[in-house]
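Heavy atoms only: backbone and side chains are in, while hydrogens, waters and symmetry mates are out. Atoms within each ligand, like the ligands themselves, are counted from 1 in listed order.
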Amino acid sequence: MTALLRISGLTAHYGDFQALFGVDLTLNEGETVAIIGANGAGKTTLMRAITGVAKVTAGSVSLADENLTRLPAPQILTRGIAMVPEGRKLFPSLTVEENLLIGAHARSGNGYWTLDRVQAMFPILRERRQSPGTALSGGQQQMVAIGRALMSNPRVLLCDELSLGLAPVVIKEIYAAFPQIKASGTSIIVVEQDIGQALRVADHVHCMMEGRITLSGRPADLSRDAIHDAYFGVT
Ligand code: ATP
């Protein structure tokens with residue numbers, strides 16, 4: 001398998017506070033990787049460091065052998081890394097369709113994702129296209145956030161806590177879209193507190209604790225006990 005995204009020795013700080021300690025991670029072309037870990041483990045910071053939002057103080061991020069470390073966030077987006085942020089962050093004054101179209105301003109990749117394909121994947125977004133984005137339910141807003149990120153045709157889609165605050169049936173509906181996203185050629189990193197969901201969707205899982213990856217493996221090779229211990233810091 002070809003490594004698409006390569007993260008080496010990544011360290012990040014908020015002022016004097018060190019949030020990441022030498023994180024290594026590889027995402028292969030066509031793969032889905034899940035990052036699990038308790039609150040404050042550093043998962044969001046890792047996503048923000050990859051996308052140029054958090055301050056990287058050491059290490060590197062490269063995409064298809066191009067070094068992206070410390071590029072400004074908009075340039076990382078146009079290189080092909082798009083993020084579905086925690087809390088969705090829709091533009092409140094824009095309609096559903098306008099929120100989706102905003103994502104198309106920075107297009108990269110093979111051009112698979114169009115408004116039509118996003119609306120076909122989540123039909124409710126076509127039905128509600130003229131509604132203010134924030135008038136939708138939490139699950140539907142999450143669909144808008146995913147669609148908006150896909151509209152940039154990313155090579156890598158980063159999803160931060162998609163399941164947060166959503167009912168199990170809604171989470172299932174959202175993750176049902178993942179096979180199509182994978183089939184479109186987009187590689188995926190999901191950050192999840194829902195361990196069961198992470199294990200179902202991922203080819204590889206990494207568990208983080210206190211800014212470090214403490215356990216990695218394929219879902220089938222990781223025992224429930226090992227995951228539990230890595231998640232809760234039992235040594
Ligand atoms: P959560 O699921 O709660 O978002 P997380 O695993 O994503 O957890 P991060 O949000 O990356 O964790 O936080 C990692 C550490 O960095 C925590 O100790 C947190 O308090 C700290 N941190 C996060 N954002 C900031 C910030 N803007 N300023 C200072 N410290 C921060």
Side-chain angles (χ1 to χ4, degrees), residues 5-27 32-61 68-74 76-77 81-90 138-139 141-142 145-146 148-149 154 156-168 170-171 174-175 178 188-202 204-217 219 222 226-235:
L5 182 71
R6 208 186 281 278
I7 294 162
S8 304
L10 204 67
T11 294
H13 284 74
Y14 296 104
D16 289 340
F17 178 79
Q18 184 165 358
L20 295 182
F21 295 80
V23 172
D24 297 319
L25 189 149
T26 301
L27 174 69
T32 299
V33 158
I35 299 172
I36 59 175
N39 276 337
K43 307 178 300 296
T44 296
T45 304
L46 178 58
M47 298 300 101
R48 291 163 58 89
I50 295 170
T51 51
V53 181
K55 187 173 176 212
V56 171
T57 42
S60 65
V61 177
L68 304 185
T69 323
R70 296 192 194 83
L71 279 186
I76 292 182
L77 177 62
I81 303 180
M83 170 117 150
V84 183
E86 187 175 345
R88 296 133 209 167
K89 310 259 177 354
L90 300 189
Q141 288 190 34
Q142 194 60 277
I146 295 168
R148 181 181 57 186
V156 177
L157 180 72
L158 307 179
C159 300
D160 196 357
E161 305 267 6
L162 294 182
S163 59
L164 203 67
L166 301 179
V170 180
I171 297 170
I174 285 169
Y175 273 102
F178 272 57
I188 305 167
I189 298 183
V190 296
V191 163
E192 263 302 341
Q193 282 192 36
D194 181 335
I195 299 176
Q197 188 55 62
L199 294 174
R200 273 194 293 282
V201 75
H204 270 97
V205 178
H206 302 278
C207 189
M208 282 187 81
M209 210 193 142
E210 295 177 356
R212 295 178 169 86
I213 292 182
T214 51
L215 180 74
S216 300
L222 297 175
I227 292 171
H228 180 276
D229 292 354
Y231 198 97
F232 293 105
V234 182
T235 50

N/O donor-acceptor pair under 3.5 Å between Gln142 side chain and Leu162 backbone: yes
Proximity flag Gln193 to ligand 1, non-hydrogen atoms under 4.0 Å: yes
For the student: nearest non-hydrogen atoms of Leu46 and Leu20, plus distance: CA-CD1, 3.7 Å
Shortest protein contact, atom 20 (O) of ligand 1 (heavy atom only): Phe17 CE2, 5.0 Å
Residue, atom name and distance, where the atom is the protein heavy atom closest to atom 23 (C) of ligand 1: Tyr14 CE1, 3.4 Å
For atom 10 (O) of ligand 1, the protein heavy atom that lies nearest, with its residue and separation: Thr44 CB, 3.7 Å
Closest protein heavy atom to atom 14 (C) of ligand 1, given as residue, atom name and distance to 0.1 Å: Gly40 O, 3.4 Å
Close approach, Ala38 and ligand 1, non-hydrogen under 4.0 angstrom: yes
Without placing hydrogens or testing angles, list every side-chain donor-acceptor pair under 3.5 Å for residues 188-195, not counting sequence neighbours.
{"residue": "Glu192", "atom": "OE1", "partner": "Ser163", "partner atom": "OG", "Å": "2.6"}
{"residue": "Glu192", "atom": "OE1", "partner": "Asp194", "partner atom": "N", "Å": "3.2"}
{"residue": "Glu192", "atom": "OE2", "partner": "Ser163", "partner atom": "N", "Å": "3.4"}
{"residue": "Glu192", "atom": "OE2", "partner": "Ser163", "partner atom": "OG", "Å": "3.1"}
{"residue": "Glu192", "atom": "OE2", "partner": "Tyr175", "partner atom": "OH", "Å": "2.6"}
{"residue": "Gln193", "atom": "NE2", "partner": "Asn39", "partner atom": "OD1", "Å": "2.8"}
{"residue": "Gln193", "atom": "NE2", "partner": "Glu161", "partner atom": "OE2", "Å": "3.3"}
{"residue": "Asp194", "atom": "OD1", "partner": "Gly196", "partner atom": "N", "Å": "3.3"}
{"residue": "Asp194", "atom": "OD1", "partner": "Gln197", "partner atom": "N", "Å": "3.0"}

Any N/O pair Ala41/ligand 1 closer than 3.5 Å: yes
Flag for Asp160-Thr44: side-chain donor and acceptor within less than 3.5 Å: yes
Backbone N/O of Ile35 and side chain of Lys43: donor-acceptor pair under 3.5 Å: no
Nearest-0.5 Å distance that lies between atom CG in Leu222 and atom CG in Leu199: 7.5 Å
Any Glu161 heavy atom less than 4.0 Å to ligand 1: yes
Glu210 atom CD, neighbour heavy-atom count above 12 within 6.0 Å: no
Pick from Thr45, Ile35, Asn39: the one approaching atom 1 (P) of ligand 1 most closely through a non-hydrogen atom: Asn39
Gly42 heavy atom under 4.0 Å from ligand 1: yes
Residue Glu86 vicinity, atoms of ligand 1 by number, heavy atom under 4.0 Å: 4 (O)
